[in-house]
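Throughout, protein chains are lettered first and strands after them, A, B, ... in sequence-line order, and every chain is numbered starting at 1.
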Amino acid sequence: MDRPVRVRYAPSPTGPQHLGGVRTALYNFLFAKKQKGTFIIRIEDTDQTRFVEGAENYMLESLKWCGITHDEGPGVGGNYGPYKQSERKHLYRQYADQLIESGHAYYAFDTPEELDAMRERMKASGIPNPQYGAATRDYMKNSLVLPHDEVKTRLANGEQFVIRMKMPRKEEIKLQDLIRGWVVFQSSQLDDKVLFKSDGMPTYHLANVVDDYLMEITHVIRGEEWLPSAPLHVMLYKCLGWEDVMPHFAHLPLILRPDGNGKLSKRDGDRLGFPVFPLNWTDPETKENSIGFRERGFFPEAFANMIALLGWHPGSVQQELFSMEEMIQLFTIEHIGKSGAKFDFEKAKWFNHEYMKKADSKILATDFKKVLSEKGITDSDEHITAICESLKQRCTFISEFWDNSFYFFTEPTVYDEQIVKKKWNEKTKEIMKELSASLLGQTDFSFSALDTFLHSFVKEKNLNTGDVLPVLRIMLSGTKNGPAVYELASLLGKEKSIERMAKAEAEFDKMISV
RNA sequence: GGAGCGUUGGUCAAGGGGUUAAGACGCUUCCCUUUCACGGAAGAAUCACGGGUUCGAUUCCCGUACGCUCUACCA
């Protein structure tokens, strides 16, 4: 089968998509690009009762943010449209009818109450999982058991009905999953799934197969939760006569919660304090707000990289940091893992930090500038950029920048008491006075010049660095943490450095005296 | 309950019949720096368990256990 590769991501707009959904989209995207194929987005909105306002747009925005772009689908069009199942409503019935004609499906008139009654009855007689299938369909109200005339009149009277798949009584259904190999199911274990609902809409199963066929999809890459219904889909291809163009299947492992067991959910994020959604999301019903990775400060590249490696690894390459382009080049379905991966927020942060370190300080500066201007602080681009250059070494998110650099923009008002009490005395006071004076004569305030200046000062005066550097640091910034002292002084500039030393001297005296 | 899928260090994972079983995150210790971070070094796994097959199994087969998914006129 050498048809051009066409894959799709087919979410249903029932809420904000989370990590798992983005990853499914990403894998589809990577595969399509690697194979020089087409990546399609199709909206599966066949259940109007679960429709959530804004969910579709949210999904589109999320993928855009991650750098996952589609070739066909909402917003971009394509030759296989429309790409929203609600707009394709008219297409499905004919295929359901075709299945009825060929004897693979049938009308069922059972009411929900009757269905419940059947299940109760079966349970009472010792069957724990009653199914509408080979064992029970003969006792239900459907076109298999009702006289033809009655079926006709019921239909003619506009009575409510569904169309169900007639699962063969005893048949082996095999499918070759690209990730898991051959998977075998017995049709006797499968039930007569509803294909066409009484509201005139198809169910996922029918719509999915019909659309994949019509859109000439070659590979279905979706979550593992679909594996149990895959045999139904295979049957559908067979019964519709499309077996020769049936797509390949690849069922992705799930993303699990970091602690304990089970699928990652919004609850876990709330409980453990990390996002599970790519973007901020406000529930239109409850107005409840959920933070997104973007708003938490993640770079889209870091997020995509991190999410891709949750279940996939190119193998022999010893590397974890990949650009989208690299991932496309390296992507193969064979290298997708079989088992679920627990999401680890610490690792996610590590990815961001790595991207932070590699980020262009000029770009970081433009973002940090916004934070500064909110605080009423203005400064030159060059200076902010230089500070960012230092900051990106120790910060994972831009949101941490201010706490690690406020002393460059505002004069210190509090000084680390421990250090002052420990280091401040007549001797150090004298030293710092000398240092201040000699700093005044220092013209070159570059990193390297100050570095050598400071060290030679210590050496010439026969001092210990411990008597000079920590004190100078506190004088300049007030805090004991931060970049190297020469860097600190350099970024502050000569004038401010000397000013602050003078001010600190007086403050230190006060602190010591009490 | 049933069906399907899965199980390599706390986590992500490479590998695959014979190896000292990669690497990363996190953790601990050390070096660098009298700071934080960065960087460097080191430490920690009888490859879930039990049987086979084999000269040899973490790798192949079969069980068991555990976990997950599905079991709707939801996707």
Nucleotide nearest [X] (side chain, heavy atoms from C-beta), chosen from [options]:
| X | options | answer |
| --- | --- | --- |
| A:R394 | B:G4, B:A37, B:C12 | B:A37 |
| A:H335 | B:A24, B:G15, B:U11 | B:G15 |
| A:S339 | B:C12, B:A14, B:U8 | B:U8 |

Expressed as a whole number of angstroms, how long is the span from A:L321:CG to B:G23:P?
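Between P of B:G23 and CG of A:L321: 17 Å.
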Could you give the side-chain donor-acceptor pairs of residues 452-464 of chain A under 3.5 Å, partners two or more places apart or in another chain?
from: A:T452; atom 1: OG1; to: A:S448; atom 2: O; distance (Å): 3.1
from: A:T452; atom 1: OG1; to: A:A449; atom 2: O; distance (Å): 2.9
from: A:H455; atom 1: ND1; to: A:D451; atom 2: O; distance (Å): 3.0
from: A:H455; atom 1: ND1; to: A:D451; atom 2: OD1; distance (Å): 3.1
from: A:S456; atom 1: OG; to: A:T452; atom 2: O; distance (Å): 2.9
from: A:S456; atom 1: OG; to: A:F453; atom 2: O; distance (Å): 3.0
from: A:K461; atom 1: NZ; to: A:E434; atom 2: OE1; distance (Å): 2.8

Can you name the ring-ring contact (aromatic ring centres under 6.0 Å, His included) partners of [X], sequence neighbours left out?
| X | answer |
| --- | --- |
| A:Y58 | A:W281 |
| A:Y407 | none |
| A:F293 | A:F298, A:F303 |
| A:H104 | none |

Test item: side-chain donor near acceptor, A:E389 and A:S361, under 3.5 Å:
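Their side chains do contain a donor-acceptor pair, which is all the 3.5 Å distance test asks for.
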Take A:H313 and A:H335 through the test ring-ring contact (aromatic ring centres under 6.0 Å, His included) and record every step on the way to the result.
CA-CA 6 Å; A:H313 189 281; A:H335 275 115; 8.0 Å; no
Short N/O separations, protein against nucleotides 29-34 of chain B, under 3.5 angstrom:
from: B:U34; atom 1: O4; to: A:G466; atom 2: N; distance (Å): 2.8

Heavy atoms within less than 4.0 Å of RNA chain B: which residues of residues 475-482 of chain A have one? Give them sorted by number.
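Heavy-atom cutoff 4.0 Å gives A:K480, A:N481, A:G482.
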With sequence neighbours left out, what residues match A:K423 under side-chain hydrogen bond (donor to acceptor under 3.5 Å, both in side chains)?
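Partners of A:K423 by the side-chain hydrogen bond (donor to acceptor under 3.5 Å, both in side chains) criterion come out as none, since no residue qualifies.
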Walk me through it: do A:F161 and A:Y107 pass the test ring-ring contact (aromatic ring centres under 6.0 Å, His included)?
CA-CA 6 Å; A:F161 68 91; A:Y107 297 105; 5.3 Å; yes
Should A:E354 and A:W350 be marked as a side-chain hydrogen bond (donor to acceptor under 3.5 Å, both in side chains) after you check the CA-CA gap, both sets of side-chain angles, and the distance that decides it?
CA-CA 6 Å; A:E354 290 301 312; A:W350 174 80; 3.3 Å; yes
Carboxylate-amine/guanidinium proximity below 4.0 Å for A:D212 and A:R42
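Salt bridge flag = yes for A:R42 with A:D212.
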Identify each atom pair where a protein N or O and an N or O of nucleotides 39-44 of chain B are less than 3.5 Å apart, giving names and distance.
from: B:G39; atom 1: OP1; to: A:K357; atom 2: NZ; distance (Å): 2.9

Each base of RNA chain B marked ( ) or [ ] if paired in-strand (Watson-Crick or G-U under 3.5 Å), | if paired to another strand and . if unpaired gives (((((((..(((.....[....))).(((((.......)))))....(((((..]....))))))))))))....
Spacing of the P atoms in B:C12 and B:C32 (rounded, Å):
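Here B:C32 and B:C12 have their P atoms 36 Å from each other.
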Under 4.0 Å protein heavy-atom contact, by nucleotide of nucleotides 65-75 of chain B - B base, S sugar-phosphate only
--SSSSS-BBB
Can you give me every donor-acceptor pair (side chain of residues 395-405 of chain A, partner residue at least two apart or in another chain, under 3.5 Å) with its distance?
from: A:E400; atom 1: OE1; to: A:T396; atom 2: N; distance (Å): 2.8
from: A:E400; atom 1: OE1; to: A:F397; atom 2: N; distance (Å): 3.4
from: A:N404; atom 1: ND2; to: A:E400; atom 2: O; distance (Å): 2.8
from: A:S405; atom 1: OG; to: A:F401; atom 2: O; distance (Å): 2.8

